[in-house]
K.L.:
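I'd like to ask you about the structure that follows.
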Amino acid sequence: MQQVTETKKKSFLSGLTGQIIVAMVLGATLGIILHGTLSPEGAQSFSSKIKMLATIFIRLVQMIISPLVFTTLVVGIAKLGDIKTVGRVGGKALGWFFTASFISLLIGLFYVNILEPGVGLKLGHVDMTAAAEVTGKTKTLSVENFVEHIVPKSLFEAMATNEILQIVIFSIFFGLAAASIGSPVKPVINALDKASHIVLKMVNYVMNFAPIGVFGAIAGVFAIRDAEELVITYFKFFGSFLVGISTLWVVLIGVGYIFLKGRMTELLRRIVGPLAIAFGTTSSEAVFPKLTEELEDFGVKDKIVSFMLPLGYSFNLDGSMMYMTFASIFIAQFYGVHLDIPTQMVMLLVLMLTSKGIAGVPRASLVVVAATCGMFDIPVEGIALILPIDHFCDMFRSATNVLGNALATSVVGQWESNKEINAGLEE
């Protein structure tokens, strides 16, 4: 027993997770050293080049996301069997997603009002032009464009742009149609099943590059950011954000222990690697394939994983949700825009709707925050206030999104397993 424990410890320290943690430390150290020795232009040049390592890793992951989502989701729905079962699982999923989103938004709203990080804050030399890229995308967040965004006009276009929600919509129709035909399409489903296993094998190859990608991402950020200045200037904002995100983690993990009991500890152990990758690369999308693999190894049936995770990546971004209310009210506080509680609750409900299905948009959280500010007469250029610290907030948001989706998939998977067991006993 002791030998098994020592083997596990050794594999943890020498495995992917340990390599990623070492890469974070080395990246931060190199970035801080170069920030103090290079000129601002030299640091910027270094940052652009070293970040290519992270870009390559994320693009490698994006390369396999579309085929993985399509093949696993179609096979999963076909295995679920009928529209009634898909509707039951989908209903549970959406119920969980919207409840989690509401709680996450509420936590952000609570702490930004209690701690008031934007009140009395003095920020000099804010680069307002940096917000142009984000605020320029807010026009896409209308109801009409939202509907157009979620319904694909072409599967190939959706795959080419990695629009997960559009791929999900097509895959649901394809899977239901395949399930209704029955045995004649089994060869097609078997072929897609084999294809999904090939893609998952590719995941193992791609993940070997994760530590290098994390190293590049961290080194690039610290090379151009004065860590000491950021700590002093944004201490109250970042500290308040950490209090809120920590509370959300406590809530999520607590709920996990309520539903999963002791198995929650095993789940946390299994997703340490995906959490570290998401934290280091600020991309929850980057761990989608690896998280799929870990949840199946955890014991969640592949048909549930392949159905839940794609939906979760569009509808269940808990960390991002918490940040949206927090950042929106922070900007209002900085500019002295008073928002009473009823108005803030309306803002919360608006965010519940406008934030769904935009996971593929770069800096999606900031785009939604900018759009929300515009709706409530808060200066949209206030986005520039949080851009310097946003990367560090995004590290925690991305990791929280991964935790939330792992938990939702595991709990719904357990509910379905219990239902199948009970149905077997009744028979």
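Nothing fancy with the numbering, it's 1 onward along the sequence. Just so you know, these numbers use all the heavy atoms, side chains as well, and skip hydrogens, waters and symmetry mates.
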K.L.:
Under 3.5 Å, sequence neighbours excluded: what are the donor-acceptor pairs made by side chains of residues 188-199?
P.N.:
from: N190; atom 1: ND2; to: K186; atom 2: O; distance (Å): 3.2
from: S196; atom 1: OG; to: D193; atom 2: O; distance (Å): 2.6
from: H197; atom 1: ND1; to: D193; atom 2: O; distance (Å): 2.7

K.L.:
Can you tell me if S47 uses its side chain to pair, donor with acceptor, with the backbone of G220 under 3.5 Å?
P.N.:
yes
K.L.:
Would you mind telling me which of Y234, F238, F326 makes a side chain to side chain contact (heavy atoms under 4.5 Å, CB included) with C393?
P.N.:
F238
K.L.:
Would you say the side chain of L115 lies within less than 4.5 Å of the side chain of K236, judging by non-hydrogen atoms?
P.N.:
no
K.L.:
Taking atom CZ of F173 as the centre, report whether more than 12 heavy atoms of other residues, nucleotides or ligands fall under 6.0 Å from it.
P.N.:
no
K.L.:
Does H35 reach the side chain of F222, with side-chain heavy atoms less than 4.5 Å apart?
P.N.:
no
K.L.:
I need the R269 CZ to E294 CD distance, nearest 0.5 Å.
P.N.:
8.5 Å
K.L.:
Run the numbers on M207 and I277 for side chain to side chain contact (heavy atoms under 4.5 Å, CB included), then give the verdict.
P.N.:
CA-CA 9 Å; M207 284 301 131; I277 296 171; 3.6 Å; yes
K.L.:
Rounded to the nearest 0.5 Å, how far does CG of L403 lie from CG of L291?
P.N.:
10.0 Å
K.L.:
Looking at CD1 of I271 and CZ of F298, how far apart are the two atoms once the value is rounded to the nearest 0.5 Å?
P.N.:
9.0 Å
K.L.:
Looking only at non-hydrogen atoms, find the nearest pair between A408 and F97 and report the distance.
P.N.:
CB-CE2, 3.9 Å
K.L.:
Might you point out which heavy atoms bring A158 and Q166 nearest each other, and give the distance in Å?
P.N.:
CB-OE1, 3.5 Å
K.L.:
Could you tell me whether the side chain of L407 reaches within less than 4.5 Å of the side chain of F259, counting heavy atoms only?
P.N.:
no
K.L.:
Check whether any side-chain heavy atom of I50 sits under 4.5 Å from a side-chain heavy atom of F215, and report yes or no.
P.N.:
yes
K.L.:
Apply side chain to side chain contact (heavy atoms under 4.5 Å, CB included) to M324 and S320, showing your working.
P.N.:
CA-CA 6 Å; M324 287 175 194; S320 298; 4.2 Å; yes
K.L.:
Establish, yes or no, whether a centroid distance under 6.0 Å links the rings of F330 and Y111.
P.N.:
no
K.L.:
Within the side chain of Q344, is there an N or O that forms a donor-acceptor pair under 3.5 Å with the backbone of L339?
P.N.:
yes
K.L.:
Please find the pair of heavy atoms, one from P117 and one from S240, that lie closest to each other, and give the distance.
P.N.:
CB-OG, 3.8 Å
K.L.:
Just by modelled atom types, is the S306 backbone N or O under 3.5 Å from a matching donor or acceptor in the T72 side chain?
P.N.:
no
K.L.:
Report yes or no: does D318 contribute a side-chain atom to a donor-acceptor pair with the main-chain N or O of N401 at less than 3.5 Å?
P.N.:
no
K.L.:
Before accepting this row, confirm whether a basic side-chain N of the pair K303/E416 lies closer than 4.0 Å to the acidic partner's carboxylate O.
P.N.:
no
K.L.:
Verify the neighbour count for atom CZ of F209: are there more than 12 heavy atoms of other residues, nucleotides or ligands below 6.0 Å?
P.N.:
yes
K.L.:
Check S328 against M347 and note the closest heavy-atom contact, atom names and distance.
P.N.:
CB-SD, 3.8 Å
K.L.:
More than 12 non-hydrogen atoms from neighbouring residues, nucleotides or ligands closer than 6.0 Å to CE on M63, yes or no?
P.N.:
yes
K.L.:
For F57, check ring pair (Phe, Tyr, Trp, His ring centres under 6.0 Å) against everything at least two apart and list the hits.
P.N.:
none
K.L.:
Which distance, rounded to the nearest 0.5 Å, do you find between the CG of L242 and the CZ of F396?
P.N.:
5.0 Å
K.L.:
Are side-chain heavy atoms of V206 and P289 found at a separation under 4.5 Å?
P.N.:
no
K.L.:
How are the rings of W415 and W96 set relative to one another: parallel (under 30°), tilted (30 to 60°) or perpendicular (over 60°)?
P.N.:
perpendicular
K.L.:
Minimum heavy-atom separation for V380 and A370, please, with both atom names.
P.N.:
CG2-O, 3.8 Å
K.L.:
Hey, what do you get for CD1 (I20) to CD1 (I212), rounding to the nearest 0.5 Å?
P.N.:
11.5 Å
K.L.:
How far does CE of M202 sit from CD1 of I64, to the nearest 0.5 angstrom?
P.N.:
5.5 Å
K.L.:
Report yes if the side chains of T281 and S398 come closer than 4.5 Å at any heavy-atom pair, otherwise no.
P.N.:
no
K.L.:
Test V221 against K51 for side chain to side chain contact (heavy atoms under 4.5 Å, CB included), laying out the working first.
P.N.:
CA-CA 8 Å; V221 171; K51 279 184 178 178; 4.1 Å; yes
K.L.:
So, for C373 and I331, which heavy atoms are closest and what is the spacing to 0.1 Å?
P.N.:
SG-CD1, 4.0 Å
K.L.:
Is a side-chain donor or acceptor of S45 paired with a backbone partner of E41 at a separation under 3.5 angstrom?
P.N.:
no
K.L.:
Has N113 got a side-chain atom pairing as donor or acceptor with L109's backbone, closer than 3.5 angstrom?
P.N.:
yes
K.L.:
Given the ring of Y323, does R397 sit roughly above its face, with NZ or CZ under 6.0 Å from the centre of the six-membered ring and within 45° of the axis?
P.N.:
yes
K.L.:
Using a 4.5 Å cut-off on heavy atoms from C-beta on, say whether the side chain of L176 contacts that of I77.
P.N.:
yes
K.L.:
Side chains of V74 and F70: does their closest heavy-atom pair fall under 4.5 Å?
P.N.:
yes
K.L.:
Step by step, would you call T325 with V112 a side chain to side chain contact (heavy atoms under 4.5 Å, CB included)?
P.N.:
CA-CA 8 Å; T325 45; V112 77; 6.0 Å; no
K.L.:
Are the side chain of T409 and the backbone of A406 linked by a donor-acceptor contact shorter than 3.5 Å?
P.N.:
no
